[in-house]
Amino acid sequence: MAAKDIDWANLGFGYVKTDKRYVSYFKDGKWDEGAVIEDDMIVMSECAGVLQYAQTIFEGLKAYTAEDGRIVTFRPDLNADRMIESAKRMEMPPFPRERFIDAIEKVVAANKDWVPPYGSGATLYIRPYMFGQNPVIGVKPATDYQFRTFVTPVGPYFKGGAKPITIKVSDFDRAAPRGTGHIKAGLNYAMSLHAIVTAHEEGYDENIYLDPGTRTKIEETGGANVLLVDADGNIVIPKSDSILPSITRRSLAIVAEKYLGLKVTQREVYLSELGDFKECGLCGTAAVISPVGKIVDHGKEICFPSGMEEMGPTTKKLYETLTGIQMGHIEAPEGWVHEIKV
Ligand SMILES: *Cc1c(COP(=O)(O)O)cnc(C)c1O
């Protein structure tokens with residue numbers, strides 16, 4: 001295990017080419033049997049659907065070494081289901097659930113030497129994705145697709161402690177009402193690039209997006225769901241049809257209720273009430289929860305009482321419980337931790 005000579009603690013979040021990847025082709029109305037291959041390059045038509053009209057979707061999850069030495073992933077069935085929903089919305093052929101999980105198992109096993117050791121804080125990030133491959137010039141769905149999965153090792157998200165971040169209420173919108181905000185489509189990220197580059201130039205770590213219909217309610221950041229702790233110490237999660245259903249956030253809601261005995265409410269959250277909350281965190285696979293210290297709305301600062309030095313107490317408990325479940329020192333709900341035999 002972890003045979004590659006890598007300085008895991010200092011590894012960042014960047015692409016590192018690993019040994020093997022998985023590919024399956026969709027042609028003549030069906031998926032082929034799929035294979036683990038070595039070639040990391042993709043050759044396709046200059047007019048491929050993905051290149052012209054951005055017909056592409058993806059997923060993100062991680063494999064890691066648990067305390068008992070097993071290589072595991074966290075709730076991959078939910079990634080499979082979410083990718084099926086993404087495919088339907090994008091008029092792409094869904095990749096079957098059991099085949100998705102099989103592909104992940106195969107590609108992680110084929111790259112087992114790249115799985116970071118327990119306790120390193122590093123993980124093997126898994127990127128399943130799918131795109132339209134054949135030439136498409138009149139606007140329509142492609143007929144030929146590739147489903148692929150590669151893995152790349154990534155370093156610990158929080159180096160030297162989880163420092164709260166400052167985020168900006170964006171002037172741009174992330175997802176239209178009744179658009180594609182609820183699916184994991186590359187196009188949602190393409191149009192967020194200008195907003196994030198602008199926010200970074202202004203000194204912010206992230207953008208928080210409002211509901212585009214009324215611009216009075218908060219939705220999420222570019223790549224993470226919002227979770228709030230109210231004055232009573234309970235959890236509030238913003239509700240909207242254009243929020244991407246984060247698996248981390250859904251898992252944290254269960255942890256809050258079942259493990260910590262907190263009340264969890266999912267409802268519309270107005271920008272004007274943000275100052276009433278005690279803590280704010282951003283949920284996603286990479287960080288689990290990143291604490292937010294401050295939200296800036298056009299010069300008006302909303303500072304959470306948890307401050308800019310450390311995670312708030314509830315955020316910290318949630319973080320420690322979920323990471324404890326993932327690593328195997330806290331008992332996991334049935335099916336959450338999925339072993340990969342290598
Ligand atoms: C992937 C993603 C998330 C996080 O989802 P997880 O399943 O928890 O990793 C949140 N928001 C957006 C927009 C995303 O694309």
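Numbering of ligands and ligand atoms starts at 1, following listing order.
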SB check Glu320 Lys316 (cutoff 4.0 Å):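 Answer for the salt bridge query: yes.
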
Pairs flagged by ring-ring contact (aromatic ring centres under 6.0 Å, His included) wherever residues 51-77 is involved - sequence neighbours left out: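 Listed by first then second residue: Phe58-Tyr189, Phe74-Trp336.
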
Sequence neighbours excluded, every pair satisfying ring-ring contact (aromatic ring centres under 6.0 Å, His included) that has a member inside residues 281-303: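 Counting only pairs at least two positions apart or across chains, no ring-ring contact (aromatic ring centres under 6.0 Å, His included) contact touches residues 281-303.
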
Amino acids contacting ligand 1, non-hydrogen cut-off under 4.0 Å: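 Within the 4.0 Å shell of ligand 1, which is judged on heavy atoms, sit Arg82, Arg174, Lys184, Tyr189, Glu220, Gly222, Gly223, Ala224, Asn225, Leu244, Ser246, Ile247, Thr248, Gly284, Thr285.
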
Sequence neighbours left out, cut at 3.5 Å: what donor-acceptor pairs do the side chains of residues 219-227 make with other protein atoms?
{"unit_1": "Glu219", "atom_1": "OE1", "unit_2": "Ser242", "atom_2": "OG", "d": "2.8"}
{"unit_1": "Glu219", "atom_1": "OE2", "unit_2": "Ser240", "atom_2": "OG", "d": "2.4"}
{"unit_1": "Glu219", "atom_1": "OE2", "unit_2": "Ser242", "atom_2": "OG", "d": "3.2"}
{"unit_1": "Glu220", "atom_1": "OE1", "unit_2": "Asn225", "atom_2": "ND2", "d": "2.8"}
{"unit_1": "Glu220", "atom_1": "OE2", "unit_2": "Arg174", "atom_2": "NH2", "d": "2.9"}
{"unit_1": "Glu220", "atom_1": "OE2", "unit_2": "Leu244", "atom_2": "N", "d": "2.8"}
{"unit_1": "Thr221", "atom_1": "OG1", "unit_2": "Ala224", "atom_2": "N", "d": "3.2"}
{"unit_1": "Thr221", "atom_1": "OG1", "unit_2": "Ala224", "atom_2": "O", "d": "3.1"}
{"unit_1": "Asn225", "atom_1": "OD1", "unit_2": "Ser246", "atom_2": "N", "d": "3.2"}
{"unit_1": "Asn225", "atom_1": "OD1", "unit_2": "Arg249", "atom_2": "NE", "d": "3.0"}
{"unit_1": "Asn225", "atom_1": "OD1", "unit_2": "Arg249", "atom_2": "NH2", "d": "3.3"}
{"unit_1": "Asn225", "atom_1": "ND2", "unit_2": "Leu244", "atom_2": "O", "d": "3.0"}

Aromatic plane relationship, Tyr22 with Phe147 - under 30° parallel, 30 to 60° tilted, over 60° perpendicular: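 Phe147 and Tyr22: perpendicular rings.
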
Side-chain touch Val255/Ile325, heavy atoms, less than 4.5 angstrom: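 With C-beta onward as the side chain, the pair touches.
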
